[in-house]
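Atoms within a ligand are numbered from 1 in the order they appear, just like the ligands themselves.
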Amino acid sequence: MTFSRTLKIAPSILSADFANFGQEIEAVEAQGADWIHVDVMDGHFVPNLTFGPPLVKAIRPHIKTVMDVHLMIAPVDPYIDAFVDAGADVITAHVEAGPHIHRTLQAIRAAGCKAGVALNPGTPAETVDYLLDMVDLICVMTVNPGFGGQKFIESQVEKVRRLRAMIGDRPIHIEIDGGITPQTAPLMRAAGADVLVAGSAVFKGGSVANPAPYGENIRAIRTACDTLV
Ligand code: DX5
Ligand code: ZN
C-alpha cells in the first residue's frame with residue numbers, strides 16, 4: 001500500500017449478498033473497486049451485528065486490492081490480533097469505543113497493520129489532534145454507524161475540511177463512510193477526502209450474475225468527483 005491522495009472507491013460488503021461474499025468481492029473488484037470495506041459490528045457499540053474474524057479471514061483470499069476493516073465494536077483491543085491474523089491491511093477503531101484509543105492505535109501498528117481512527121458524526125475533529133502522528137487513516141462517519149442506506153449528514157463536510165487542514169502533509173488518508181452517492185461524493189472530495197466508502201450506492205441494481213451495474217455505479221461516483229472538483 002503506497003500512500004496517495006488519488007480518489008479511491010471502497011464498496012462496503014454490508015450491502016452485498018451475505019451468502020456469497022467471495023464472488024461479490026471478485027465482481028465488484030472486476031468492476032473497478034479500489035478497496036474493499038468490511039464492516040464489523042457487535043450489537044453493543046452499534047445496534048447491529050454482522051460478523052467476526054473467521055468470516056474476515058475467509059474472504060481475504062478473494063480480495064486482491066486492500067482489505068479495509070472497520071471495527072464498530074467495544075472493546076477493541078482483545079480482538080486486534082484476530083483481525084491482523086485474518087489478513088486486514090487497514091484496521092480502523094472508533095475513538096468513542098473506549099478510553100484508550102491511543103493504546104489501540106499503537107497495538108494495531110505494532111501488529112504490522114495500517115491504523116485507522118473513526119469519528120462518529122457527533123465527535124469533533126479535534127479529538128484526533130494528538131493522534132495524528134500515529135494514524136494512517138481517519139474515517140469520518142457521515143451517518144450514525146450501524147446500518148447501510150442512511151441519509152448523509154451534511155455537517156460533516158466542514159469536519160473534513162478541518163481535518164484536511166490539521167493533517168497538513170502527513171500521509172494520512174481521509175475516508176468518508178455513509179450516505180455516499182454521486183451527489184454527496186463531490187462535496188467530500190472537494191473538502192479533502194480520498195477514500196469514499198459506498199455500500200448501497202455501489203451494489204444497487206447489480207448482482208454476481210449481473211455485475212455491470214456495479215461498474216456503472218462506481219463510475220458514476222468517480223465521474224461526479226472528477227467533474228466537480
Ligand atoms: C455504516 C457502515 C458503512 C455502510 C455504508 O455503519 O460503516 O460502511 O455500509 O453504507 P451506505 O453507503 O449504504 O450508507
Ligand atoms: Zn464502515
Mind checking whether Ala198 contacts ligand 1 via backbone (N, CA, C, O), side chain (CB onward), both or neither, at a 4.0 Å heavy-atom cut-off?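 Under 4.0 Å from ligand 1, Ala198 contributes backbone atoms alone.
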If we count only N and O atoms by modelled type, under 3.5 Å, do the side chains of Thr142 and Gln156 hold a donor and an acceptor together? no
More than 12 heavy atoms of other residues, nucleotides or ligands under 6.0 Å from [atom1] of [X]: is that the case?
X      : atom1 : result
Phe152 : CZ    : yes
Arg103 : CZ    : no
Arg162 : CZ    : no
Glu158 : CD    : yes

Numbering the atoms of ligand 1 from 1, which are under 4.0 Å from a heavy atom of [X]?
X      : answer
His37  : 8 (O)
Gly178 : 14 (O)
Phe147 : 1 (C), 6 (O)
Val197 : 8 (O)
His70  : 7 (O)
Pro145 : 6 (O)
Met41  : 6 (O)
Met72  : 6 (O), 7 (O)

How about His62 and Phe21: are their ring centroids closer than 6.0 Å? no
Determine whether the aromatic ring centres of Tyr130 and His102 lie less than 6.0 Å apart.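 For Tyr130 and His102, the ring centres are not under 6.0 Å apart.
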Between [X] (side chain only) and [Y] (backbone N and O only), is there a donor and an acceptor less than 3.5 Å apart?
X      : Y      : value
Thr123 : Leu119 : no
Lys57  : Phe83  : no
Asp194 : Ile174 : yes
Thr227 : Ala224 : yes

[atom]: which protein heavy atom is closest, and how many Å away?
atom                    : value
atom 12 (O) of ligand 1 : Gly199 N, 2.7 Å
atom 13 (O) of ligand 1 : Ser200 OG, 2.5 Å
atom 9 (O) of ligand 1  : Ser12 OG, 2.9 Å
atom 10 (O) of ligand 1 : Gly148 CA, 3.5 Å
atom 6 (O) of ligand 1  : Gly146 N, 2.7 Å
atom 14 (O) of ligand 1 : Gly179 N, 2.8 Å
atom 5 (C) of ligand 1  : Asp177 OD1, 3.6 Å

Sub-4.0 Å heavy-atom contact, Phe152 with ligand 1: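 Contact absent.
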At a 4.0 Å cut-off, with the gap strictly under it, does some heavy atom of Ala201 reach an atom of ligand 1?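 The answer is no: ligand 1 sits nowhere under 4.0 Å from a heavy atom of Ala201.
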Would you say the Zn ion (ligand 2) has His37 as a near neighbour, meaning an N/O/S atom of that residue under 2.8 Å away? yes
What atom name does the N, O or S atom of [X] nearest to the Zn ion (ligand 2) carry?
X      : result
Asp177 : OD2
His70  : ND1
Asp39  : OD1

Minimum distance, heavy atoms only, to atom 11 (P) of ligand 1: which one of Ala16, Cys139, Gly149 is it? Gly149
Are Leu14 and Ile180 in one and the same hydrophobic cluster, where Ile, Leu, Val, Met, Phe, Trp and Tyr link if side-chain heavy atoms are under 4.5 Å apart? yes
Can you give me the closest heavy-atom contact between Pro121 and Pro145, atom names plus distance?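 Minimum heavy-atom separation between Pro121 and Pro145: CD-CD, 4.4 Å.
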By the definition side-chain contact (heavy atoms from CB on, under 4.5 Å), identify the one residue from Val38, Ile36, Asn20 that meets it with Ile25.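 That would be Ile36; it is the only one of Val38, Ile36, Asn20 passing the side-chain contact (heavy atoms from CB on, under 4.5 Å) with Ile25.
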